[in-house]
Asks: 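What follows is a structure written as structure tokens; I'll ask about it next.
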Amino acid sequence: MLLPKLFLLTTGLICLSDCKSTSGAYTSSQEWKKAVTNAKDFLAKLTLEEKAYIATGVAGYDSPLACFLLQLVYEKDFASVYPAGVSVGASWDKQLAYERGFLLGEEFKAKGAHVMLGPVVGSIGRNPLGGRNWEGFGPDPYLTGELSYQSIIGTRTVGMQSCVKHYVGYEQATGQNPTTNADGVVIEGYSSNIDDRTMHEIYSWPFAKAVRAGVSSVMCAYSRINGSYACENPKTLDGILKEELGFPGYVMSDWGATMSGVQAIESGLDMTMPGALMGSGRTTWGFSLFGGNLTQAVENGTLSMSRVNDMVLRVMTPYFYLNQDDKHWPLIDPSSQELGDFSDSMANYSWPVGGEAHRDVRGNNAAFIRKLGAESVTLLKNKNSALPIKEIPRYIGVFGNDAADKSAGLASSPDSEAIGTFATGGGSGSGRLTYIVSPLEAIKSWAKGRSNSLVQYLTDNELTPGLLHPTNVGFGDSIYPIPEVCFVFLRYYVSEGPDHSDFDLDNNGSSVVNSVASICNNTIVVTHSGNVNLMDWADHPNVTAIMMAYMPGQESGNAILDVITGKVNPSGKLPFTVAYNASDYNTASVNFTAMNITNSNGRQINFTEGQFIDYRHFDKAGITPRYEFGYGLSYTTFSIQELSLEPTNKGNVASLPDNSRAIQPGGHPDLYEILITVESNVTNTGALAGATVPQLYLAFPQDTTPPGTPVKVLRGFDKIYLEAGCSRTVTFELTRKDVSFWNVVKQQWEIPAGTFEAMVGLSSRKISVKKQFDVLRRR
């Protein structure tokens with residue numbers, strides 16, 4: 001029958017990704033209407049059992065930067081490992097986000113996949129110590145929304161489905177699933193308790209952009225939202241996602257996150273994953289809350305057939321819309337059967353497995369990976385122009401456990417790996433490396449350009465501080481002579497599962513920096529980290545340069561070397577705020593184990609800070625950060641002059657959208673109409689060509705917006721490249737939604753009366769030009 005090929009290719013292989021279409025109304029296109037017709041024709045041929053099979057799901061793949069197998073041990077082979085979401089966020093580059101989505105889509109398609117689980121926009125990063133922050137783009141909803149939009153458009157262009165995750169308020173892993181205590185009491189997973197305005201203006205904002213981009217699927221999270229599990233919450237699934245945001249695709253559970261059958265279905269869940277192969281919470285191995293339970297619910301009248309049909313149509317329409325029924329679509333790489341056991345899901349249906357096994361889908365994508373890795377590098381300090389290094393030094397020292405090749409193999413990045421460069425995070429978001437260029441390897445290759453260059457290194461963090469005792473000849477026996485430049489490469493392990501408890505770099509990283517800097521007066525520190533680190537050593541006089549290299553993927557060493565040597569002028573900007581003190585942050589993971597909770601409903605996380613996370617909190621509290629959101633240095637300098645605003649609507653602007661218009665994917669169509677264009681002039685005032693990111697922030701009228709309105713919010717950014725001495729006018733377009741707040745009484749986006757202030761600068765604290773304006777003009 002036709003069912004096995006269509007369905008199994010739709011949900012049997014699922015991978016993650018993370019312009020050019022600007023329309024959110026793809027459901028009104030002829031292509032979408034044709035896809036709906038095809039899905040209905042397909043539906044008419046199905047039995048109830050076959051419909052239930054589609055909704056129940058089977059095993060698949062999951063990763064934000066490479067094909068990755070469900071079992072979390074073996075990844076898909078011969079696929080590229082790209083920079084993680086945090087690196088894309090640090091690039092602040094929409095075009096690179098699009099290209100990454102496109103190339104990921106190409107690779108997954110070549111492996112026989114049809115759906116990619118990504119991009120990640122939740123966790124957004126409310127908690128700077130969140131274990132999964134690195135998978136997403138950063139804690140600002142506008143930045144995350146724009147980069148997720150481009151990622152999805154890139155993926156769609158290839159004909160691949162995207163599945164944005166994790167919906168919604170999933171901001172820590174600790175305590176996410178129900179557990180049973182010693183007394184047999186089930187302790188429910190934590191509840192993210194979020195007020196309505198914060199939900200709309202922070203946490204659902206990037207999901208709205210994903211829906212507008214044409215995302216095929218939305219993955220609901222493990223945790224609860226305001227008391228109800230994310231995969232059975234009628235307000236967030238049906239109320240916000242499907243009705244308010246007009247989402248026409250299907251809601252998929254995270255693996256084992258389905259906590260009920262009929263209740264979840266009637267609340268908006270369309271597919272449970274991964275069927276009966278894996279379980280947590282309410283599920284157990286070999287059992288599914290859908291499957292036979294779904295057919296029985298229809299037969300006994302508990303569940304309507306119309307709802308089941310809706311589920312199938314939501315699953316199948318994106319499949320036909322993207323022409324994934326094309327007979328030339330690649331078959332599933334047979335190595336899938338070697339890397340994972342799908343026998344349970346293959347028992348009754350034949351998977352379309354065939355073609356070349358272990359097929360290499362990487363193409364020439366390493367060049368792009370290297371480029372994105374370098375473009376995301378954020379230069380935080382550059383004392384006395386320590387960088388770039390144009391001439392190869394004779395004496396080079398390399399220190400730190402992140403410098404060397406991986407010691408635990410290419411398949412994973414375990415926390416126990418004491419030595420090895422950290423190019424990807426851990427858990428289901430990781431990927432099987434086919435190779436890794438370590439920083440030490442890249443520096444050694446570079447040093448060969450000078451015949452008498454000497455590269456010495458210490459990569460064991462436990463040994464380094466003890467070996468570096470200053471003597472009158474320098475480091476003593478371990479390193480001699482004293483290097484002209486000392487590179488210190490440090491890591492900060494991040495992974496699905498554990499949240500962090502502190503901001504310190506791993507394996508005594510700070511001690512390594514201080515020990516090296518105590519001897520070497522030209523110490524350059526590079527961190528591979530997906531989260532915030534405090535960097536207490538940043539002001540050490542011998543630390544001449546600091547670079548955050550994030551999670552750059554397989555070309556790690558080459559990407560950072562391109563920046564060190566000036567082949568690439570750094571243009572990365574911080575996608576989060578780096579503080580001086582841990583106490584400067586106002587959110588943290590809740591350690592429920594330490595609280596000894598015995599009440600079944602005791603795991604509660606109250607988002608009492610509202611919208612005041614990251615830079616919004618620092619602005620409100622008047623706290624000076626060490627390095628602010630949007631900050632990043634260059635080898636050249638830039639200035640921003642002038643600021644002009646021009647309304648695109650010369651007549652009256654109503655404060656509320658026109659309720660007579662139908663909802664489109666992404667929300668009310670009025671919300672995306674451009675009301676104001678903002679222009680500013682950017683000049684490269686230095687001696688080198690380079691790129692920078694002018695950023696537009698808005699201050700809302702404080703007297704006409706409700707309490708809890710931030711001091712300013714990001715509402716525009718654009719990475720631009722300029723030759724030395726050249727200028728360019730940058731244009732930002734403000735939509736109705738950009739200048740609105742969510743009115744919890746009217747349940748609409750409302751433009752406040754009064755005066756706004758537009759601010760353009762090179763970071764959230766380095767504002768160059770400002771101008772006031774009113775939106776509600778009366779002519």
Side-chain angles (χ1 to χ4, degrees), residues 21-29 32 141-142 144-146 148-149 168 194-215 218 235-249 611 645-678 696 698-701 703-706 708-710 713-716 732-756 758 773-779:
S21 168
T22 58
S23 172
Y26 62 94
T27 54
S28 64
S29 69
W32 182 266
Y142 185 90
T144 290
E146 296 304 303
S148 67
Y149 181 92
V168 60
I194 310 172
D195 68 88
D196 191 29
R197 186 180 176 199
T198 300
M199 175 65 76
H200 282 80
E201 297 194 34
I202 298 289
Y203 298 101
S204 69
W205 182 294
F207 285 98
K209 288 293 293 188
V211 172
R212 183 165 172 78
V215 74
V218 173
K235 173 61 178 177
T236 56
L237 296 182
D238 272 344
I240 296 178
L241 183 61
K242 292 184 176 180
E243 295 177 14
E244 185 184 314
L245 298 183
F247 175 55
Q611 298 188 53
L645 299 102
E646 182 68 24
T648 57
N649 186 330
K650 302 298 183 180
N652 293 345
V653 175
S655 61
L656 299 174
D658 180 359
N659 285 333
S660 68
R661 301 186 68 185
I663 298 297
Q664 295 179 357
H668 196 294
D670 283 4
L671 296 177
Y672 297 98
E673 292 180 348
I674 299 167
L675 298 183
I676 298 169
T677 59
V678 181
L696 169 65
L698 288 188
F700 278 60
D703 54 347
T704 55
T705 50
T709 299
V713 293
L714 181 69
R715 285 296 185 263
F732 304 101
E733 296 176 330
L734 292 174
T735 66
R736 171 180 285 273
K737 188 173 182 181
D738 290 333
V739 294
S740 298
F741 70 94
W742 178 253
N743 189 313
V744 299
V745 177
K746 298 177 182 178
Q747 289 292 289
Q748 294 190 73
W749 290 94
E750 180 176 357
I751 301 174
T755 301
F756 289 76
F773 66 98
D774 292 338
V775 179
L776 297 179
R777 302 171 303 279
R778 294 292 181 263
R779 301 288 182 181

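Both backbone and side-chain heavy atoms feed into the values below; hydrogens, waters and symmetry mates do not.
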Asks: Does the ring of Trp205 carry Lys737 above it, NZ/CZ under 6.0 angstrom from centre and within 45° of its axis?
Replies: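 Yes, Lys737 and Trp205 form such a contact.
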Asks: When you measure from the side chain of Arg715 to the backbone of Leu696, do you find a donor-acceptor pair of N or O atoms at a distance under 3.5 Å?
Replies: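 No; zero donor-acceptor contacts below 3.5 Å.
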Asks: To the closest 0.5 Å, what do you measure between NZ (Lys209) and CG (Leu245)?
Replies: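 Taking NZ in Lys209 and CG in Leu245, the distance rounds to 12.5 Å.
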Asks: Would you say Ser204's side chain and Phe207's backbone share a donor-acceptor pair under 3.5 angstrom?
Replies: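 Answer holds: no.
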Asks: Would you give the length of the straight line joining atom CD1 of Ile751 to atom OG1 of Thr704, rounded to the nearest 0.5 angstrom?
Replies: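 OG1 of Thr704 is found 11.5 Å from CD1 of Ile751.
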Asks: On the ring face of Tyr672, is Arg736 found with NZ or CZ under 6.0 Å from the centre and within 45° of the axis?
Replies: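 Not flagged: Arg736 not positioned over aromatic ring of Tyr672.
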Asks: Say whether, by atom type as modelled, one donor and one acceptor occur between the side chain of Asp670 and the main chain of Asp658 under 3.5 angstrom.
Replies: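 Yes.
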Asks: Would you confirm whether Thr648, through its side chain, and Ile674, through its main-chain N or O, come within 3.5 Å as a donor-acceptor pair?
Replies: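 The answer is yes, because a donor-acceptor pair under 3.5 Å joins these two groups.
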Asks: Evaluate the side-chain contact (heavy atoms from CB on, under 4.5 Å) criterion for residues Val775 and Leu675: first the C-alpha distance (whole Å), next the side-chain angles of each, then the deciding distance (0.1 Å), finally the verdict.
Replies: CA-CA 8 Å; Val775 179; Leu675 298 183; 4.1 Å; yes
Asks: Determine whether the side chains of Trp742 and Asp196 contain a donor N or O and an acceptor N or O closer than 3.5 Å.
Replies: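 On atom types as modelled, these side chains qualify, holding a pair under 3.5 Å.
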Asks: Which value, rounded to the nearest 0.5 Å, describes the distance between Phe732 atom CZ and Asp738 atom CG?
Replies: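 Phe732 atom CZ to Asp738 atom CG measures 12.0 Å (nearest 0.5 Å).
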Asks: Using the side-chain contact (heavy atoms from CB on, under 4.5 Å) rule, take His200 and Ile240 through it: C-alpha gap first, then chi angles, then the decisive distance, then the call.
Replies: CA-CA 9 Å; His200 282 80; Ile240 296 178; 4.1 Å; yes
Asks: Could you walk me through whether Glu673 and Arg661 satisfy the salt bridge (charged side-chain N to carboxylate O under 4.0 Å, His left out) test, starting with their C-alpha distance in whole Å, then the side-chain angles of each, then the deciding distance to 0.1 Å, before giving a yes or no?
Replies: CA-CA 13 Å; Glu673 292 180 348; Arg661 301 186 68 185; 2.7 Å; yes
Asks: Would you confirm whether Thr198, through its side chain, and Ile194, through its main-chain N or O, come within 3.5 Å as a donor-acceptor pair?
Replies: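 Judged by distance alone, no pair lies under 3.5 Å.
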Asks: Checking side-chain contact (heavy atoms from CB on, under 4.5 Å) for the pair His668/Ile663: CA distance, chi angles, key distance, verdict?
Replies: CA-CA 5 Å; His668 196 294; Ile663 298 297; 4.1 Å; yes
Asks: Hey, mind stepping through Trp749 and Phe741 against side-chain contact (heavy atoms from CB on, under 4.5 Å) and telling me if it holds?
Replies: CA-CA 5 Å; Trp749 290 94; Phe741 70 94; 5.6 Å; no
Asks: Under the criterion side chain to side chain donor-acceptor pair (under 3.5 Å), which of Gln611, Arg197, Glu201 is the partner of Thr709?
Replies: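 Of all the options given, the one that passes is Arg197.
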Asks: Using atom types as modelled and distance alone, determine if a side-chain donor or acceptor of Asn743 lies under 3.5 Å from a backbone N or O of Val745.
Replies: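 Answer holds: yes.
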Asks: Checking the side chain of Glu244 only, and the main-chain atoms of Leu241 only, is there a donor and an acceptor separated by less than 3.5 Å?
Replies: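 Looks like no, no N/O pair under 3.5 Å.
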Asks: Quick check for you: to the nearest 0.5 Å, what is the distance between Leu698 atom CG and Tyr142 atom OH?
Replies: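 One finds 9.5 Å between CG of Leu698 and OH of Tyr142.
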